[in-house]
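Step one of this worksheet: look at the structure below.
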Protein chains: 2
Amino acid sequence: MKLTRASDYAIRGVVYMAMQSPGAIVVIPEVAREMDVPVGFLARIFQSLSRIGIVVSHRGKKGGYSLARKPEEITLCDVIEAVEGDIRINTCLNGYSECNRMSFCPVRRELAGVQEDLVKSLQKSNFAELAAREKAHRESRQA
Amino acid sequence: MKLTRASDYAIRGVVYMAMQSPGAIVVIPEVAREMDVPVGFLARIFQSLSRIGIVVSHRGKKGGYSLARKPEEITLCDVIEAVEGDIRINTCLNGYSECNRMSFCPVRRELAGVQEDLVKSLQKSNFAELAAREKAHRESRQA
DNA sequence: TTGTAAGATGATAATATTTGTCATGATTAA
DNA sequence: TTAATCATGACAAATATTATCATCTTACAA
């Protein structure tokens with residue numbers, strides 16, 4: 001019942017992207033430094049974010065990453081699922097499972113409800129809010 | 001963002017306990033067989049449940065386990081936390097963390113909210129309901 | 001067209017966690 | 001005393017996590 005470090009780093013990375021002006025291209029070492037994340041790992045993680053369409057990669061010199069969507073349209077759920085795959089809080093919620101209790105199991109049905117609640121909770125917040133708060137803190141520090 | 005097998009097995013085990021008449025003592029191999037769980041692992045898991053006070057262990061001949069509380073007073077959250085420890089969806093929500101963003105991090109605050117939602121969702125359902133549904137299915141099969 | 005700065009990809013490895021198993025010991029009822 | 005049960009600790013296999021690195025591809029700019 002825990003996020004991976006990768007998800008944590010991904011979220012931080014997207015927060016930083018969301019702080020930039022729209023369309024801005026940012027380079028991984030900058031994101032890593034600013035958000036206190038191991039640079040090599042973050043590079044890997046951004047490739048997942050790119051594959052799923054949360055960021056856009058720009059190859060070559062002057063390359064880097066930009067956001068693929070508006071920060072308001074990216075949720076915690078989107079980023080976590082990009083990194084970890086779809087949220088399935090129990091193996092039996094995977095569609096193709098082998099447990100022979102599948103057809104009737106009340107535990108499975110209950111957990112399905114919990115999973116739904118969790119996903120909803122993760123969809124509540126978007127990265128515009130998170131970026132605004134991060135920005136506010138930085139500006140207060142600067143003053 | 002996944003339960004361990006141990007949690008799944010624990011939940012199934014407690015469902016079976018909750019199906020028994022109040023105070024009944026049941027033996028691990030029976031629970032394991034009925035709920036389709038590896039017996040050795042389940043034995044281990046019931047010791048966690050016993051330590052935390054969800055079941056009571058009875059040692060010696062005629063021993064086994066009984067429920068420590070009424071099924072209505074046991075939630076999914078109780079059982080999962082007995083097995084996995086307190087739910088902390090990110091390491092920084094552990095109280096003692098080392099991340100230097102701790103003091104202000106908006107990601108941390110957001111995840112704290114998600115964690116709270118998750119715990120609430122897991123506290124919604126109790127084992128009286130689950131046991132009733134499991135029982136209903138078994139009786140329909142028998143007929 | 002060449003050099004350089006970026007991302008893309010696959011291999012590899014260290015570590016941690018999960019999922020068990022097993023042997024041994026302690027306890028208790030009969 | 002014996003048999004059935006839980007308790008505990010050691011161990012181990014499998015899997016997942018958390019990276020790192022080398023090499024390749026791409027694209028801009030001189």
[X] side-chain proximity, nearest of [options]:
| X | options | value |
| --- | --- | --- |
| A:Pro38 | D:dA27, D:dT20, C:dG20 | D:dT20 |
| B:Arg59 | C:dG25, D:dT8, D:dC21 | C:dG25 |
| A:Arg51 | C:dG20, C:dT9, D:dA19 | C:dT9 |
| A:Phe41 | D:dA27, C:dG7, D:dA19 | D:dA19 |
| B:Ser57 | D:dC6, D:dG9, C:dA11 | D:dC6 |

Whole-Å distance separating the [atom1] atom of [X] from the [atom2] atom of [N]:
| X | N | atom1 | atom2 | answer |
| --- | --- | --- | --- | --- |
| B:Lys62 | D:dC6 | NZ | P | 13 Å |
| B:Leu49 | D:dA7 | CG | P | 11 Å |
| B:Asn90 | D:dT18 | CG | P | 10 Å |
| A:Gln47 | D:dT26 | CD | P | 14 Å |
| B:Met1 | D:dT17 | CE | P | 13 Å |
| B:Lys2 | D:dA16 | NZ | C1' | 11 Å |
| A:Phe46 | C:dG7 | CZ | P | 10 Å |
| B:Arg5 | D:dA16 | CZ | P | 12 Å |

So does [X] pair up with [Y], basic N to acidic O under 4.0 Å?
| X | Y | answer |
| --- | --- | --- |
| B:Glu81 | B:Arg88 | no |
| B:Lys135 | B:Glu139 | no |
| A:Glu129 | B:Arg109 | no |

B:Asp117/B:Lys120 under salt bridge (Lys or Arg N to Asp or Glu O under 4.0 Å): CA gap, chis, key distance, verdict: CA-CA 5 Å; B:Asp117 289 351; B:Lys120 268 182 201 147; 5.0 Å; no
Contacting residues from residues 17-32 of chain A, given that a heavy atom lies under 4.0 angstrom of DNA chain C: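 Within residues 17-32 of chain A, the residues near DNA chain C are A:Val27, A:Ile28.
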Under 4.0 angstrom between [X] side-chain N/O and [N] OP1 or OP2:
| X | N | result |
| --- | --- | --- |
| A:Tyr65 | C:dA8 | yes |
| A:Tyr9 | D:dT18 | no |
| B:Thr4 | C:dT17 | no |

Sugar-phosphate only, base, or nothing, as touched by B:Gly63 at under 4.0 Å among non-hydrogen atoms: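 Contact class for B:Gly63: sugar-phosphate only.
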Sugar-phosphate, base or nothing in reach of A:Ala6, heavy atoms under 4.0 Å: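 If one applies the 4.0 Å heavy-atom cut-off, A:Ala6 turns out to touch the sugar-phosphate alone, with no base involved.
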Passing option when B:Phe127 is tested against B:Leu67, B:Thr75, B:Leu76 for side chain to side chain contact (heavy atoms under 4.5 Å, CB included):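 Of all the options given, the one that passes is B:Leu76.
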5' precedence on DNA chain D between A:Gly40 and B:His58 (nearest-nucleotide basis):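 Looking at DNA chain D, the more 5' nearest nucleotide goes with B:His58.
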Where B:Ala10 and B:Val83 come nearest, the two heavy atoms and their spacing: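 Heavy atoms of B:Ala10 and B:Val83 come nearest at CB-CG2, 3.5 Å.
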Taking every non-hydrogen atom, the tightest pair across A:Asp36 and A:Arg12: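 What the structure gives for the nearest pair is O-NH1, 3.0 Å.
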Heavy-atom side-chain contact between A:Met1 and B:Lys2 under 4.5 Å: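 No, too far: nothing below the 4.5 Å cut-off.
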Side-chain-base donor-acceptor pair under 3.5 Å for A:Arg44 and D:dT18: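 Answer no: no donor N or O sits under 3.5 Å from an acceptor.
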